[in-house]
S.K.: 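Could you have a look at this structure, given as structure tokens, before my questions?
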Protein chains: 2
Amino acid sequence: MPQLSKKSANMPASPIRKLVPSADVAVQKGLNVYYLNIGQPDIPSPVNALAALQDWDIPVISYTRSEGTVEYREALVDYFHSKGFSDLDISNFVVTNGGSEALMFALGLIANPGDEIIIPEPFYANYNGFAVQSEVNVVPISSDIESGFALPPIVDFEKKITEKTRAIVICHPGNPTGYLYSKEELDQLRDLVLKYDLYLISDEVYREFTYDIPHYSVLNYPELKNHVIVIDSESKRFSMCGIRLGAMISRNKELMAAALKFAQARLSPVLISQVIATAAHKDSVQYLQHAKAEYDSRRNYIVKALNQIPGVFVPKPQGAFYCVARLPVEDAEHFAQWMLEEFDYKGETVMVAPNAGFYSTSGKGKNEVRIAYVLEIEELEKAVVVLAAGLEAYQNRD
Amino acid sequence: MPQLSKKSANMPASPIRKLVPSADVAVQKGLNVYYLNIGQPDIPSPVNALAALQDWDIPVISYTRSEGTVEYREALVDYFHSKGFSDLDISNFVVTNGGSEALMFALGLIANPGDEIIIPEPFYANYNGFAVQSEVNVVPISSDIESGFALPPIVDFEKKITEKTRAIVICHPGNPTGYLYSKEELDQLRDLVLKYDLYLISDEVYREFTYDIPHYSVLNYPELKNHVIVIDSESKRFSMCGIRLGAMISRNKELMAAALKFAQARLSPVLISQVIATAAHKDSVQYLQHAKAEYDSRRNYIVKALNQIPGVFVPKPQGAFYCVARLPVEDAEHFAQWMLEEFDYKGETVMVAPNAGFYSTSGKGKNEVRIAYVLEIEELEKAVVVLAAGLEAYQNRD
């Protein structure tokens with residue numbers, strides 16, 4: 001047969017979905033599985049968004065403008081104006097198939113094959129996939145669970161900057177870490193990207209879910225107008241991952257003109273999804289307050305409960321709906337697989353995502369797992385009991 | 001500001017959407033514009049597909065499996081079984097964001113940067129964009145309007161095959177040509193890809209719209225099971241371009257395993273679109289018969305009417321809903337722009353797509369336009385009158 005490309009071999013399997021066959025084993029045994037591995041929220045999508053679908057009456061489901069409908073981009077403009085970015089207009093937005101396509105566009109727009117992007121690790125695992133598809137090399141800078149995954153020292157970044165470095169990429173707040181960068185940390189990144197004339201790509205899809213301190217967006221820096229690219233998405237904000245709607249946001253006019261050509265090549269984002277999301281943005285304040293309060297309660301519960309399990313350490317996240325847990329095991333992937341294939345507690349088990357797949361440096365994070373608190377507290381309570389029992393049994397196994 | 005990538009500069013603007021600013025001029029002057037430039041069908045989407053949306057009741061719009069829902073892939077399997085490909089099962093399909101993403105996946109799966117794909121020209125212009133994004137070089141083989149854009153001699157292909165050649169790409173039936181390859185032509189391509197161990201990527205998104213002879217899919221060759229990649233889409237089949245739903249189809253297991261990793265990186269195709277398309281495939285026979293009959297009548301009308309305009313030559317297409325017209329002008333792009341900006345006939349004008357943008361070879365097709373017969377015959381009749389008047393006025397202008 002004809003050969004496949006190098007990237008076909010190099011594409012990583014998803015650490016989030018990798019253990020699905022093991023979960024199938026558990027389900028086939030009749031076990032009830034608590035899925036804490038994937039960021040699929042259980043909070044209902046907004047009622048008015050779903051109603052927009054039901055009320056919608058149009059004979060032909062047609063293409064939209066390649067950069068997104070005017071109506072949806074106006075809804076995004078209103079949303080970002082409400083966050084204080086009053087200079088933005090619809091020309092600053094290209095609507096995409098989820099945050100994923102926005103990231104693919106961003107890498108394609110700024111990097112040639114063999115170029116480098118620097119990312120604090122652990123980071124959202126699919127950045128690896130997008131980098132491989134774009135022939136771009138990820139240069140990781142390790143952050144530390146003891147500090148709660150705070151920004152690594154700027155000197156660590158400077159050491160890694162080469163002629164091939166094109167951008168610093170951050171996830172803010174972080175997936176998998178839940179870490180929320182402070183203004184002071186972001187100021188340091190601002191100085192760095194100005195000094196070396198780099199792009200700063202900030203994935204802010206969890207911007208609504210920040211707890212003890214407010215979110216400080218990189219859009220706050222007018223001096224970075226040509227450097228900043230923000231990734232946005234409706235998936236988590238409105239609990240509707242399945243509409244696959246995101247946006248690439250930038251004030252860099254030349255970049256946005258090129259982005260439009262990328263968007264035109266694939267014709268258009270999804271019309272129906274834009275109709276739904278436009279509706280979701282109307283009267284969204286109460287919905288978002290409720291969702292945030294719910295995640296905050298779950299966070300407070302799960303972090304406390306996990307830290308009470310002997311040998312477990314979980315830094316308290318400030319944002320998103322994930323936390324990273326260091327477990328008293330050597331190989332968390334083996335443990336996670338064992339939980340699904342060989343363990344149960346009263347007919348139940350738990351699925352978690354091994355965190356090693358969220359690091360780019362081989363060998364890092366082997367005793368860590370990512371936990372998504374996307375279930376109701378009553379469910380989380382049961383899951384924690386099962387997880388604690390599993391850890392005890394795993395440590396005492398033959 | 002930080003530099004953009006080389007591909008940002010190299011990405012072509014869409015020849016289909018390029019004259020939109022000129023069309024805006026016409027609209028601002030209050031003219032009625034007949035849009036024959038874009039393949040946005042006017043035929044209503046299936047009633048049962050839209051009803052599926054209205055009846056749909058689910059609290060959370062969630063991700064689906066990365067390769068697409070089982071239900072939708074089963075609908076595709078049934079559809080392809082009804083076309084005689086009874087060996088296909090759901091593992092042969094990866095569901096994508098339109099045919100566009102299927103093509104991007106295909107190029108990423110088989111080609112390294114600098115590799116080459118051979119395409120008979122004129123071809124669907126966005127292949128250029130996908131190739132640039134994938135760092136792949138397009139090697140065109142010119143087909144000829146006098147032959148109706150039949151497959152160029154195989155010796156022309158063989159001359160262009162190098163160590164870097166990874167695939168032959170065809171659009172079947174063709175956009176912009178409307179040409180439908182015969183079994184004999186496809187047999188020649190089969191022999192060629194076997195001889196040189198190349199992939200054969202066949203974009204068959206217009207497969208339902210073939211007129212005087214039936215569609216012969218490259219899926220008919222069991223000996224090409226590792227070589228053939230078929231691009232599918234619901235956009236044109238069910239007149240619902242705005243759901244952005246397509247699929248990559250292959251019997252090559254290794255290729256499909258790698259495709260799943262590409263699909264996982266961007267998480268999932270659109271849930272709602274899969275619900276709609278699954279519904280559209282139920283009881284689709286009558287809908288598709290009606291659509292095909294409608295396009296066939298329009299084809300018969302427009303080809304005859306255009307050929308009656310002095311100096312115009314249009315080969316009769318056998319498929320899709322486009323035809324290429326050679327006009328008695330030197331520069332069809334200038335003519336098309338002039339029609340929008342400087343001409344009107346009783347307050348009306350016509351927008352066509354200059355065909356030069358569908359060639360990769362510079363200078364080819366300069367006196368050709370692509371016409372999409374996506375309007376009702378009564379509208380087409382009026383558009384032809386306006387176009388004929390425009391051509392006469394253009395030739396007689398100062």
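Here is the naming used below: chain letters follow the sequence lines, and residue numbers restart at 1 for every chain.
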S.K.: Could you look at A:F262 and say if it's the side chain, the backbone, both or neither that has a heavy atom under 4.5 Å from chain B?
M.R.: both
S.K.: With rounding to the nearest 0.5 Å, note down the distance linking CG in A:L271 to SG in B:C241.
M.R.: 10.5 Å
S.K.: Minimum heavy-atom separation for A:A265 and B:Q133, please, with both atom names.
M.R.: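 So the minimum-distance heavy-atom pair works out to CB-OE1, 4.0 Å.
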S.K.: Nearest 0.5 angstrom please: B:K7 NZ to A:L107 CG, how far?
M.R.: 9.0 Å
S.K.: Highest number of heavy-atom pairs under 4.5 Å with chain B: which of A:N128, A:N97, A:L50?
M.R.: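 Of the options given, most contacts go to A:N97.
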S.K.: Step through the shown structure and confirm whether more than 12 heavy atoms of other residues, nucleotides or ligands are within 6.0 Å of CZ on B:R65.
M.R.: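 Not buried by this count: 12 neighbours or fewer within 6.0 Å.
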S.K.: Below 4.5 Å from any heavy atom of chain A, which atoms of B:P46 appear? Answer side chain, backbone, both or neither.
M.R.: neither
S.K.: Is there side-chain contact between A:R244 and B:S268, with at least one heavy-atom pair below 4.5 Å?
M.R.: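 A side-chain contact exists here, since the closest heavy-atom pair is under 4.5 Å.
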S.K.: Using atom types as modelled and distance alone, determine if a side-chain donor or acceptor of A:Q40 lies under 3.5 Å from a backbone N or O of B:Y63.
M.R.: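 Yes.
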S.K.: Go through the atoms of B:L245 and report whether side chain, backbone, both or neither lie under 4.5 Å from a heavy atom of chain A.
M.R.: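 Contact with chain A involves no heavy atom of B:L245 at all.
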S.K.: What part of A:L103 lies closer than 4.5 angstrom to a heavy atom of chain B: side chain, backbone, both or neither?
M.R.: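 Nothing of A:L103, per the 4.5 Å heavy-atom cut-off to chain B.
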S.K.: Please examine the side chains of B:Q3 and A:R166, heavy atoms only from C-beta on, and report whether any two atoms are closer than 4.5 Å.
M.R.: yes
S.K.: Hey, does A:V270 have a side-chain heavy atom less than 4.5 Å from the side chain of B:S273?
M.R.: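 When only atoms from C-beta onward are counted, A:V270 and B:S273 do touch, with a gap below 4.5 Å.
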S.K.: B:V47, B:D42, B:L260, B:L109: which one forms the most heavy-atom pairs within less than 4.5 Å of chain A?
M.R.: B:L109
S.K.: With chain B, which of A:P41, A:S62, A:A9, A:G99 has the greatest number of heavy-atom pairs at distances under 4.5 Å?
M.R.: A:S62
S.K.: Under a 3.5 Å distance rule, please check whether A:N112 uses its side chain to pair with a backbone N or O of B:K6 as donor and acceptor.
M.R.: yes
S.K.: Any side-chain heavy atom of A:S239 within less than 4.5 Å of one from B:V60?
M.R.: yes
S.K.: Please classify the contact of A:E254 with chain B as side chain, backbone, both or neither, using a heavy-atom distance under 4.5 Å.
M.R.: both
S.K.: Donor-acceptor pair, distance only, cut-off 3.5 Å: does the side chain of B:S8 make one with the backbone of A:A258?
M.R.: no
S.K.: Locate the shortest heavy-atom distance separating A:G108 from B:S5; write the atom from each residue and the value.
M.R.: O-OG, 2.6 Å
S.K.: For the interface with chain B, which of A:E135, A:K225, A:M104 has the highest count of heavy-atom pairs at distances below 4.5 Å?
M.R.: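 Heavy-atom pairs under 4.5 Å are most numerous for A:E135.
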S.K.: Judged by atom type as modelled, is there a donor-acceptor pair below 3.5 Å linking the side chain of A:K261 to the main-chain atoms of B:M11?
M.R.: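 Yes, because the side chain of A:K261 sits within donor-acceptor range (under 3.5 Å) of the backbone of B:M11.
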S.K.: So A:I272 and B:I243, do their side chains get closer than 4.5 Å, heavy atoms only?
M.R.: yes
S.K.: Working to the nearest 0.5 Å, report the span between CD1 of A:I110 and CG of B:L4.
M.R.: 9.0 Å
S.K.: Main chain of A:E101, side chain of B:R266: is a donor-acceptor contact present, judged purely on distance under 3.5 Å?
M.R.: no
S.K.: At a heavy-atom distance under 4.5 Å, which candidate from B:V132, B:N226, B:N126, B:V193 has the highest pair count against chain A?
M.R.: B:N126
S.K.: Taking A:S14 for its side chain and B:Q264 for its backbone only, find out whether a donor-acceptor pair lies under 3.5 Å.
M.R.: no
S.K.: Can you tell if the side chain of B:M1 reaches within under 4.5 Å of the side chain of A:N252, non-hydrogen atoms only?
M.R.: yes
S.K.: Which answer fits A:T64, side chain, backbone, both or neither, if we ask what part of it has an atom under 4.5 Å from a heavy atom of chain B?
M.R.: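 Contact with chain B: backbone only.
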S.K.: Go through the atoms of A:A49 and report whether side chain, backbone, both or neither lie under 4.5 Å from a heavy atom of chain B.
M.R.: neither
S.K.: Could you look at A:P269 and say if it's the side chain, the backbone, both or neither that has a heavy atom under 4.5 Å from chain B?
M.R.: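 Answer is backbone: N, CA, C or O of A:P269 sit under 4.5 Å from chain B.
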S.K.: Heavy-atom pairs under 4.5 Å with chain B - which of A:L198, A:V20, A:L194 has more of them than the others?
M.R.: A:L198
S.K.: Heavy-atom pairs under 4.5 Å with chain A: which of B:S45, B:P12, B:S100, B:G98 has the most?
M.R.: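 Highest number of pairs under 4.5 Å: B:S45.
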S.K.: Quick check on B:L267 against chain A: is it the side chain, the backbone, both or neither that has a heavy atom closer than 4.5 Å?
M.R.: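 Both parts, backbone and side chain.
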S.K.: Among B:P44, B:A167, B:G129, B:P2, who wins on heavy-atom pairs under 4.5 Å with chain A?
M.R.: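 Ranked by heavy-atom pairs under 4.5 Å with chain A, first place is B:P2.
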